[in-house]
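Following: one structure in structure tokens, then a few remarks.
Throughout, protein chains are lettered first and strands after them, A, B, ... in sequence-line order, and every chain is numbered starting at 1. Computed from a prediction, not measured in an experiment: that's the story for all the values here.
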Amino acid sequence: MKTEPDAFSFDDLKACPQKTEPWDGIRNYQARNLMRDDMKKGDLAIFYHSQAGEETGAVGLATIAKEAYPDHTSWDPKSKYHDPKSSPDNVRWLMVDVKWKQDFKQLVSLQTMKAEKALEGMRVTMRGQRLSIQPVEAKHFKKVCQMGGLTKAQIDKLGV
DNA sequence: GCCAACGTTGGC
DNA sequence: GCCAACGTTGGC
């Protein structure tokens with residue numbers, strides 16, 4: 001899951017009150033469908049900082065705390081995420097809740113991921129991948145955790 | 001700030 | 001249903 005840390009960072013997620021955060025504002029059908037179809041409660045996500053200069057990359061892990069439900073900001077005219085075509089009766093956009101899980105010991109920069117042979121084919125390393133939510137294969141997921149400095153025991157414990 | 005990539009919109 | 005125009009993302 002990508003986010004611009006200037007808007008919302010991994011530290012913000014870690015600090016937020018009940019440690020769960022509604023992932024609102026997703027206005028892309030592919031991303032919405034991934035949330036709706038593929039994200040189950042308890043699933044893990046790699047948290048990724050985009051547009052962050054040297055700090056661009058994967059910073060840690062989050063858990064899906066709540067499965068897809070209507071994104072109410074979509075029918076709120078005051079919201080920056082307002083979509084006039086969405087309403088409570090005709091829900092167009094969904095969100096999930098996420099929860100901080102684990103920090104990486106070190107940043108796994110985009111550069112490092114691109115250079116890592118074992119991550120070949122991982123979406124985020126390929127050009128033109130703007131999608132803010134991307135599916136990650138288990139082998140890539142574990143490799144990124146390893147590059148982030150998690151121990152083998154810690155990675156095994158995740159049950160990926 | 002540039003620009004490639006690509007999603008969305010709307011005229012036809 | 002095609003496709004040009006336009007908007008957005010995000011690396012650089």
Side-chain angles (χ1 to χ4, degrees), chain A residues 1-16 21-39 43-64 67-149:
Chain A
M1 301 180 83
K2 292 190 197 175
T3 174
E4 294 180 31
D6 285 349
F8 187 82
S9 72
F10 195 51
D11 282 342
D12 293 332
L13 179 69
K14 197 173 175 178
C16 76
E21 178 72 16
W23 208 249
D24 58 8
I26 299 293
R27 297 292 179 266
N28 171 288
Y29 289 105
Q30 269 181 275
R32 181 203 66 184
N33 295 348
L34 282 164
M35 290 195 291
R36 183 190 61 198
D37 303 333
D38 293 337
M39 285 185 162
D43 280 356
L44 297 173
I46 296 171
F47 209 91
Y48 178 92
H49 283 166
S50 61
Q51 316 239 62
E54 298 281 300
E55 303 289 300
T56 297
V59 290
L61 300 177
T63 311
I64 306 306
E67 291 176 19
Y69 63 103
D71 180 348
H72 57 81
T73 66
S74 67
W75 59 74
D76 177 0
K78 292 195 291 287
S79 169
K80 60 179 169 176
Y81 300 127
H82 180 232
D83 176 356
K85 290 180 183 146
S86 183
S87 70
D89 295 333
N90 183 16
V91 175
R92 177 176 285 219
W93 302 113
L94 304 171
M95 57 188 175
V96 295
D97 285 358
V98 295
K99 190 171 155 188
W100 175 86
K101 167 82 177 174
Q102 195 163 18
D103 291 341
F104 285 162
K105 283 210 186 62
Q106 71 250 1
L107 170 82
V108 185
S109 70
L110 179 60
Q111 224 179 350
T112 321
M113 288 194 272
K114 283 183 167 170
E116 173 54 59
K117 257 276 192 273
L119 294 183
E120 215 170 306
M122 187 176 173
R123 301 274 290 260
V124 79
T125 67
M126 296 163 79
R127 63 184 308 209
Q129 285 294 330
R130 302 179 309 161
L131 203 56
S132 62
I133 295 177
Q134 302 180 357
V136 180
E137 290 174 45
K139 62 177 179 180
H140 292 157
F141 198 103
K142 286 191 263 194
K143 185 68 190 176
V144 172
C145 290
Q146 187 202 321
M147 292 165 76

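- Residue-to-nucleotide proximity on DNA chain B shows that, of A:Arg127 and A:Gln51, the 5′-proximal contact is made by A:Gln51.
- Here the P atom of nucleotide C:dT8 and the CD1 atom of A:Ile26 are 15 Å apart, to the nearest Å.
- Atom P of nucleotide C:dG10 and atom CD of A:Glu54 are separated by 19 Å, given to the nearest angstrom.
- In this structure, A:Tyr48 reaches the C:dG11 phosphate: one of its side-chain N or O atoms is under 4.0 Å from OP1 or OP2.
- Taking atom CG of A:Asn28 as the reference point, atom P of B:dA5 lies 18 Å away to the nearest angstrom.
- If you measure from atom CD of A:Glu4 to atom C1' of C:dC12, you get 15 Å, rounded to the nearest angstrom.
- Atom CZ in A:Arg130 sits about 12 Å away from atom P in C:dG11, given to the nearest Å.
- The distance from atom CD of A:Gln111 to atom P of C:dG11 is 12 Å, rounded to the nearest whole Å.
- For A:Arg27 and C:dT8, the CZ to P distance is 13 Å, given to the nearest whole Å.
- Within the 4.5 Å cutoff, the side chain of A:Gln51 has no heavy atoms near those of the A:Asp6 side chain.
- A side-chain N or O of A:Arg27 and one of A:Thr73 form a donor-acceptor pair less than 3.5 Å apart.
- Counting only heavy atoms from C-beta outward, the side chains of A:His82 and A:Asp76 never approach each other to under 4.5 Å.
- Remark: A:Lys85 is not in phosphate contact with B:dT8, judged by side-chain N or O atoms under 4.0 Å from OP1 or OP2.
- Side-chain contact between A:Phe10 and A:Asp103 is present, with heavy atoms from C-beta onward closer than 4.5 Å.
- Between A:Arg92 and A:Gln129, the residue anchored closer to the 5' end of DNA chain B is A:Gln129, taking for each the nucleotide with the nearest heavy atom.
- If you take NZ of A:Lys2 and C1' of B:dC6, they are 12 Å apart, rounded to a whole angstrom.
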